[in-house]
Structures are given as C-alpha cells and as structure tokens.
Amino acid sequence: MAQNMARRRVVLVQILALALAAVMPLLSGGVDIQQVRVLAAKFNVTCVVVFGDSSVDPGNNNYIATPFKGNFLPYGKDFFRGHPTGRFSNGRLATDFIAEALGYTNEIRPFLNKRLRPVDILHGVSFASAASGYDELTANLSHVLPVSKQLEYFREYKMRLRQLIGARKAENIIKNAVAVMSMGTNDFLQNYYLEPIRPKQYTLEEYQNYLASCMSDDVKTMHSLGITRLVVVGVPPLGCMPLVKTLMNQETCVEKYNNFSSSFNSKLQFKLEVARTTLGMKIGYVDAYGIFEDAVNNSKKYGFIEASKGCCGTGTIEYGDTCRGMSTCADASKYVFWDAVHPTERMYEIIAGQAIESLRKQLMA
C-alpha cells in the first residue's frame with residue numbers, strides 16, 4: 001500500500017511538472033526545474049534549511065542587536081514587493097531560487113521572523129546571519145549569530161516542527177531535508193585581515209585549516225541532529241570583490257586573495273569527502289569560486305555588462321550601511337555585484353543553478 005501511494009505521488013508530481021512546463025523557465029545553467037521537482041519527489045526531499053552568512057541570510061539580523069543589517073533601501077528594490085527584507089542584494093538569494101526549484105516556496109523565511117507561519121516551518125527556513133563565519137570569533141566580533149547559535153535555533157525549529165505535525169513526521173522531514181551551508185568570506189575579510197587576534201595565533205594556512213576543521217565539526221553536529229543531505233558553498237574569489245580591489249588599489253582581481261580563496265576551498269572539499277565516508281551523509285559542493293571567476297572573465301556569456309564594480313553608489317566601496325539611500329544603476333541584472341561585496345539577484349540565480357545541478361548529481365543520484 002505504502003509503495004503504491006509513493007508511486008502515485010511521483011506520477012502526480014510528474015503530471016504537475018508537465019503542466020507547469022509552459023510557464024516555468026529554466027534556471028540559468030540549463031537546469032530543468034521540472035526534472036528537479038520530479039527527482040525531489042522521487043527522493044522524498046521535504047524542505048530546505050539554511051545556515052551561513054549574508055550570502056544566505058534573508059533577514060535574521062533584523063531581529064538581533066547588530067549594525068550588520070540590510071533592511072533599508074536600496075537593498076530589496078527588486079524584491080517581489082519592492083521593499084527591503086534584510087537580504088544583502090537587490091532581490092532574492094540563491095537559496096530562494098533553490099527552494100522554488102524544489103517546489104516549496106519562492107522565498108525562504110528567516111527563522112527569527114516573528115510572523116513565521118506553519119507553512120514556512122514545513123517548507124524550511126534560514127538560520128543564517130550576515131557577518132557570521134565558520135570561526136565563532138568572527139560572529140562574536142560583529143555581534144551576530146555564530147554557527148553554534150544557528151544550530152541551537154535549528155534544535156528549536158525541530159521542536160516547533162514536532163509540535164506542528166508530531167515527532168515521527170518531524171523526524172522524517174528533517175531526515176529528508178536539504179541543508180545548505182554558505183559562509184567563510186567574513187572569516188578572512190572581517191576577521192583575519194582586520195582584527196589582530198587570529199593572525200597572532202595562526203599563519204594564513206593554519207587559519208584555513210582551523211576554519212576547515214570548524215566546518216567539519218559543524219557538519220558532524222548537523223548529522224547528529226538528523227541532517228543527512230547537505231550542500232556546502234565554497235568561498236568566491238575574494239580578490240575579485242570591488243571592495244578588495246579598491247582597498248588594494250587594483251583594477252583587476254587581486255591574485256593573492258584569489259589564491260588563498262582557492263586553497264581554502266580545496267581544504268573544505270577534502271573535509272567534506274572525509275565526512276561523506278565517515279558519516280555516510282550525502283554532501284554536495286558548489287564551486288562559487290569557479291562560477292564567479294567565469295562571470296567576471298566572461299561577463300557577456302551571462303548577459304552582464306559590468307563585472308568590476310557594484311550597482312550601488314560608486315560600486316567600489318559601498319556595502320551595508322554605507323549603501324543606505326544611495327543611487328543605483330539602471331538595471332541590476334546587468335551587474336555581477338550589487339554592492340562592493342555582495343552579488344546581484346541575477347548572479348545569485350546563476351549560483352542557484354549550479355547548486356541545483358549539484359543537488360541533482362550528488363544528492364539525488
């Protein structure tokens with residue numbers, strides 16, 4: 001009986017996918033949303049839960065005492081309702097596109113949202129906090145949520161899920177959820193290269209190893225809390241960020257910063273391979289470095305006309321509060337960067353396409 005019901009569910013999803021084919025476009029990167037939704041049903045993917053920094057924070061920082069917020073214009077000017085949500089972009093984030101592709105929701109809600117609905121709990125939420133990192137110190141310096149606190153909120157989320165649908169169904173949802181983890185940039189740019197504490201304790205390579213170990217410990221904790229499917233996003237080429245180029249007085253990408261970004265990603269991938277083997281988790285990896293590098297070097301390929309500066313203000317140094325009330329470019333979809341640090345909605349859509357492809361190949365294969 002249960003097998004027949006499962007088969008019927010897959011068939012129904014297939015029919016729905018075909019019905020949507022005429023109106024649902026492909027995400028950038030050639031990802032077939034209909035195929036992804038059929039696979040998600042086949043592998044019983046239940047929801048999306050998100051951990052990380054400003055790359056995946058939909059507004060949790062709105063509810064904590066920190067200056068690192070994006071809940072003012074021009075942030076959010078191209079969001080659905082044309083208003084800021086706390087996302088550090090002109091519109092949606094990659095995780096919003098991922099959730100939409102899987103068929104759940106077109107915007108992931110922040111867990112700390114006071115008006116979180118039961119349907120949001122069922123579809124998945126984000127625990128991410130802008131300015132956070134793998135290093136607990138990174139978050140503490142900025143008075144934001146470290147990963148340990150994000151995981152504490154995840155425990156609370158599980159309790160609310162059990163209260164909503166019962167313990168057995170809640171555990172099944174967590175077991176079949178897709179977790180996304182995206183951070184690391186702040187560990188270098190806001191911690192190691194600005195604060196004196198970590199450089200006195202670690203060489204750059206030692207700090208990379210330390211961060212990779214922190215990430216590995218986080219993955220183990222997630223596994224102990226019932227997560228079995230995880231997508232980890234690598235750090236982008238930090239030397240290509242407009243802010244970094246401005247501070248280093250370079251017009252082209254800063255090779256030194258790109259080199260350590262690349263080497264750090266290699267260490268992350270090694271740790272993830274170990275986790276796959278020892279924990280038996282299904283873990284996908286998103287090569288954000290390669291995606292950004294290609295977009296910067298081959299911008300016309302993606303329809304971009306500007307890859308060297310952001311859309312907000314001068315595009316060379318403004319981000320966060322310094323972007324508040326600034327004028328913006330006419331069409332953000334033609335820009336790789338929204339401000340001097342963060343990508344545009346269009347760039348996040350491209351990243352999402354690669355993330356969904358990773359889901360398809362590594363988590364639903």
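Just so it is clear, the model here is predicted, and its values are computed rather than measured.
- In this structure a side-chain-to-backbone donor-acceptor pair under 3.5 Å is present from Asn60 to Phe111.
- With a 4.5 Å cut-off on side-chain heavy atoms, Cys323 and Tyr75 count as touching.
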For Ile64 and His143, what are the C-alpha separation, side-chain angles and deciding distance, and is it a side-chain contact (heavy atoms from CB on, under 4.5 Å)? CA-CA 8 Å; Ile64 61 177; His143 305 289; over 6 Å; no
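- Ile351 is listed as a side-chain neighbour of Phe292, based on a closest heavy-atom distance under 4.5 Å.
- Pairs passing the salt bridge (Lys or Arg N to Asp or Glu O under 4.0 Å) check and including a residue from residues 129-149, sequence neighbours excluded, read Asp135-Arg198, Lys149-Glu152.
- Under the 30°/60° scheme for interplanar angles, the aromatic rings of Phe88 and His342 are found to be tilted.
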What do the steps show when you test Ser89 against Leu93 for side-chain contact (heavy atoms from CB on, under 4.5 Å), and what is the final call? CA-CA 7 Å; Ser89 185; Leu93 307 176; 4.3 Å; yes
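- No option in Tyr193, Tyr202, Phe264 other than Phe264 meets the ring-ring contact (aromatic ring centres under 6.0 Å, His included) test with Phe188.
- Cluster annotation: Ile174 is connected to Leu164 through the hydrophobic network of ILVMFWY side chains, with a link wherever side-chain heavy atoms come within less than 4.5 Å.
- Side-chain atoms of Thr228 come within 3.5 Å of backbone atoms of Lys175 as a donor-acceptor pair (strictly under, hydrogens ignored).
- In this structure, Lys267 pairs ionically with Glu205, as a charged nitrogen and a carboxylate oxygen lie closer than 4.0 Å.
- Closest of all the heavy-atom pairs between Val296 and Cys253 is CG1-SG, 4.2 Å.
- Counted by atom type alone, Arg87 and Thr85 present one or more donor-acceptor pairs between their side chains at under 3.5 Å.
- With sequence neighbours excluded, no residue forms a side-chain hydrogen bond (donor to acceptor under 3.5 Å, both in side chains) with Tyr319.
- The structure places CD of Glu195 at 8.0 Å from OG of Ser142, a figure rounded to the nearest 0.5 Å.
- In terms of modelled atom types and a separation under 3.5 Å, the side chain of Glu306 and the main chain of Ser308 share a donor-acceptor contact.
- Residues Tyr153 and Phe127 keep their aromatic ring centres 6.0 Å or farther apart.
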Assess the residue pair Thr46 and Asn176 against the criterion (side-chain hydrogen bond (donor to acceptor under 3.5 Å, both in side chains)); give the C-alpha distance rounded to whole Å, side-chain angles, the decisive distance to 0.1 Å, and a yes or no. CA-CA 6 Å; Thr46 51; Asn176 291 295; 5.6 Å; no
Begin from the C-alpha positions of Asp187 and Leu137 and carry the test side-chain contact (heavy atoms from CB on, under 4.5 Å) through to its verdict. CA-CA 9 Å; Asp187 292 311; Leu137 177 62; over 6 Å; no
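- Screening Thr66, Leu145, Val147 for a side chain to side chain contact (heavy atoms under 4.5 Å, CB included) involving Ser129 leaves a single residue, Leu145.
- Side-chain contact between Gln150 and Ser132: present, with at least one pair of heavy atoms (C-beta onward) separated by less than 4.5 Å.
- Here the side chains of Val144 and Thr138 are not in contact, with every heavy-atom distance at 4.5 Å or above.
- Phe80 and Ile108 are not part of a single hydrophobic cluster, where members link through side-chain heavy atoms under 4.5 Å apart.
- The existence of a salt bridge linking Glu107 and Arg81 is confirmed by a sub-4.0 Å separation between a basic side-chain nitrogen and an acidic carboxylate oxygen.
- The residues Arg92 and Glu349 are annotated as not salt-bridged, no charged nitrogen and carboxylate oxygen being separated by less than 4.0 angstrom.
- Donor-acceptor pairing under 3.5 Å is lacking for the side chains of Tyr348 and Asp96.
- Cluster membership for Leu204 and Tyr134, using ILVMFWY side-chain heavy atoms within less than 4.5 angstrom, is shared.
- A continuous path of ILVMFWY side-chain contacts below 4.5 Å connects Leu230 to Leu225, so both sit in one hydrophobic cluster.
- Once rounded to the nearest 0.5 Å, the distance linking CG of Asn258 with CG of Leu238 reads 7.5 Å.
- Taking the charged nitrogens against the carboxylate oxygens, Asp294 and Lys301 do have a contact shorter than 4.0 Å, which makes a salt bridge.
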Please evaluate residues Asn90 and Thr328 with respect to the criterion side-chain contact (heavy atoms from CB on, under 4.5 Å), reporting the C-alpha separation (whole Å), side-chain torsions for both, the decisive distance (0.1 Å), and the verdict. CA-CA 10 Å; Asn90 60 304; Thr328 63; over 6 Å; no
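- Across Pro242 and Gly310, no two heavy atoms sit closer than the pair CG-N, 4.0 Å.
- In this structure, Met326 CE and Glu318 CD are separated by 4.0 Å, a value rounded to the nearest 0.5 Å.
- The distance from atom NE2 of His123 to atom SG of Cys47, rounded to the nearest 0.5 Å, is 9.0 Å.
- For the atom pair CD1 of Ile283 and CZ of Arg229, the computed distance is 13.0 Å after rounding to the nearest 0.5 Å.
- For the residue pair Ile98 and Ala352, the shortest heavy atom distance occurs at CG1-CB, 4.2 Å.
- Side-chain N or O atoms of Asn113 include none that pairs as donor or acceptor with a backbone N or O of Arg109 at under 3.5 Å.
- Within the structure, the salt bridge (Lys or Arg N to Asp or Glu O under 4.0 Å) test picks out no pair touching residues 213-224 (sequence neighbours left out).
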Test side-chain hydrogen bond (donor to acceptor under 3.5 Å, both in side chains) on Thr105 and Glu100 and set out the steps. CA-CA 5 Å; Thr105 176; Glu100 181 179 42; over 6 Å; no
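- Cluster membership check: Val274 does not share its hydrophobic cluster with Val231, using side-chain heavy-atom separations under 4.5 Å among Ile, Leu, Val, Met, Phe, Trp and Tyr.
- A 4.5 Å side-chain heavy-atom check between Arg162 and Glu171 finds at least one atom pair inside the cut-off.
- Side-chain atoms of Pro58 and Pro110, non-hydrogen and from C-beta on, do get closer than 4.5 Å to each other.
- Between Lys77 and Trp338, some side-chain heavy-atom pair lies under the 4.5 Å cut-off.
- At a threshold of 4.5 Å between non-hydrogen side-chain atoms, the residues Met222 and Leu151 count as touching.
- Counting heavy-atom neighbours within 6.0 Å of Lys245 NZ, excluding the residue itself, gives a total above 12.
- A pairwise comparison of heavy atoms in Thr221 and Ser224 identifies O-OG, 2.6 Å as the closest pair.
- The aromatic ring centres of Phe260 and Tyr257 sit less than 6.0 Å apart.
- Of all the heavy atoms in Gly284 and Gln362, the pair that sits closest is CA-OE1, 3.6 Å.
- Each of Asp57, Val49, Val233, Val50 was scored for a side chain to side chain contact (heavy atoms under 4.5 Å, CB included) with Thr95, with one residue passing: Val50.
- A distance-only check finds no donor-acceptor pair linking the side chain of Arg324 to the backbone of Phe72 [under 3.5 Å].
- Across all non-hydrogen atoms, the minimal contact from Gly86 to Asn62 is CA-OD1, 3.7 Å.
- Checked against the 6.0 Å centroid threshold, Tyr335 and Phe304 do not count as a close aromatic pair.
- Interatomic distance, Asn265 CG to Leu272 CG, rounded to the nearest 0.5 Å: 10.0 Å.
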